[in-house]
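Throughout, protein chains are lettered first and strands after them, A, B, ... in sequence-line order, and every chain is numbered starting at 1.
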Number of protein chains: 2
Amino acid sequence: MSLIFSRQCEYALQAVTFLALKKDGELTSIKELAGKLRIPHHFLAKILQRLSRKGLLTSLRGPTGGFGLAMPAKEMTLFHIIEAVDGVDFTQQCVMGFPECSGKNPCAVHDKWAGLREGIYAMLVSRNIGQMAGEMKKKEYQ
Amino acid sequence: MSLIFSRQCEYALQAVTFLALKKDGELTSIKELAGKLRIPHHFLAKILQRLSRKGLLTSLRGPTGGFGLAMPAKEMTLFHIIEAVDGVDFTQQCVMGFPECSGKNPCAVHDKWAGLREGIYAMLVSRNIGQMAGEMKKKEYQ
DNA sequence: TTAATTTAAGACTAATAAGTCTGATATTAT
DNA sequence: ATAATATCAGACTTATTAGTCTTAAATTAA
């Protein structure tokens, strides 16, 4: 299997995008999120709690409780989420896994990959959750 | 964790590159490969057998036996190896994992990612094992 | 022919990611 | 106060990937 981000990370992005569609300050329960996004309830809970501890979400217990964005959606980049959930090791290692590969001793795709990776990074820091949510709204996902 | 290719796939690329450094038609044992590349012997065996079944390597049993490339190194692309080991699902799915995301109904990074993915694909089909091996030789890896 | 060496094959274990379950704690409304 | 509802926390199970072990079959050389 080839992939870039973990399933946890994908779920995180989807959940946060969903939250960005809500009114400012409004809280959404795990139950609603899990139901709408078809994500296992308790699994999603762990992910949201993690984002909460990282300061990306706010949470409140009890009835009327739930989760909400801890900052304006336009300020929360994809990179924020990915960094919090998966970490950013992919910006370091050799794609081909050659142990000796480095800037001083590059493999044959080292420089090419560095360029592509830079492109991925640029995408992740330039796109924000607000844009993701905007596209959702436009296409009438919900 | 963020990654692109599985460890099996990385090992495969390294092993095939090593084989490309050998004289044409020369066979190399798993023992030598595993030792030089620091890959678990039996794990590597599975990988090489798979590449063999896929027609990318030739193999021979017994003393003086081993594995060799089934085609000229210049004709074997990175994509050949990756396709054989990991498959090429990454060329299909939405990076963010949005289930509804498609060409008709793109997420906010759909088109941007399509471009980056195309760049990755282009790299994989344009670079061959001969080039990887050439870089190895030049930098005196062995 | 026999012993040594190597790939072939598949069952087995270990590590990690994904997902489930249970109980505690906080908050709200009755 | 009490019941209902929600997050919080952690142990637990399942699925997948990584890695190990054992035996068989093929090939070579003495």
Would you find a donor on one side and an acceptor on the other, under 3.5 Å apart, between the side chain of B:Q14 and the backbone of B:L37?
-> no

Distance in angstrom units between B:R7 CZ and C:dA17 C1', rounded | 13 Å

Over how many whole Å does the gap from B:L27 atom CG to D:dA26 atom P extend?
-> 18 Å

Verify, without hydrogens or angle tests, whether A:H80 (side chain) and A:T77 (backbone) share a donor-acceptor contact under 3.5 angstrom.
-> yes

With distance as the sole test, does A:E118 use its side chain to make a donor-acceptor pair with the main-chain N or O of A:G115 at under 3.5 Å?
-> no

B:L44 has an atom CG; how far is it from atom P of D:dA18, in whole Å?
-> 14 Å

Per-nt protein contacts along nucleotides 6-14 of chain D (heavy atom under 4.0 Å; B base, S backbone sugar-phosphate only, - none) come out as BBBS-B---

Please round to 10 degrees the angle between the axis of the first five pairs and the axis of the last five pairs in the helix from C:dT1-D:dA30 to C:dT30-D:dA1.
-> 10°

How far apart are the C-alpha atoms of B:S6 and B:D86, what are their side-chain angles, what is the distance that settles it, and do they pass the side-chain hydrogen bond (donor to acceptor under 3.5 Å, both in side chains) test?
-> CA-CA 7 Å; B:S6 70; B:D86 274 357; 2.6 Å; yes

Go through the structure and list residues passing ring pair (Phe, Tyr, Trp, His ring centres under 6.0 Å) with A:Y11, not counting sequence neighbours.
-> A:F43

Where the side chain of A:S52 meets the backbone of A:L48, is there a donor-acceptor pair that is under 3.5 Å apart?
-> no

Take atom CZ of A:R38 and atom C1' of C:dA18, then tell me their distance rounded to the nearest Å.
-> 19 Å

Are OP1 or OP2 of C:dG19 and a side-chain N or O of A:Y11 less than 4.0 angstrom apart?
-> yes

Inspect the contact between A:E32 and A:K22 and indicate whether a charged nitrogen and a carboxylate oxygen are less than 4.0 angstrom apart.
-> yes

Would you check if the side chain of A:R127 reaches a backbone N or O of A:M132 as a donor-acceptor pair within less than 3.5 Å?
-> no

Is B:Q131 reaching over with its side chain to a backbone N or O of B:N128, donor-acceptor style, under 3.5 angstrom?
-> yes

Whole Å only: how far is the CD atom of B:Q8 from the C1' atom of C:dA15?
-> 15 Å

Which whole-number value in Å describes the distance from B:I47 CD1 to C:dG10 P?
-> 17 Å

To the nearest angstrom, how far is B:F5 atom CZ from D:dT17 atom P?
-> 16 Å

Whole angstrom value for the distance that separates P of C:dA8 from NZ of B:K54 | 16 Å

Within the pair B:R50 and C:dA8, is there a side-chain N or O less than 4.0 Å away from OP1 or OP2?
-> no

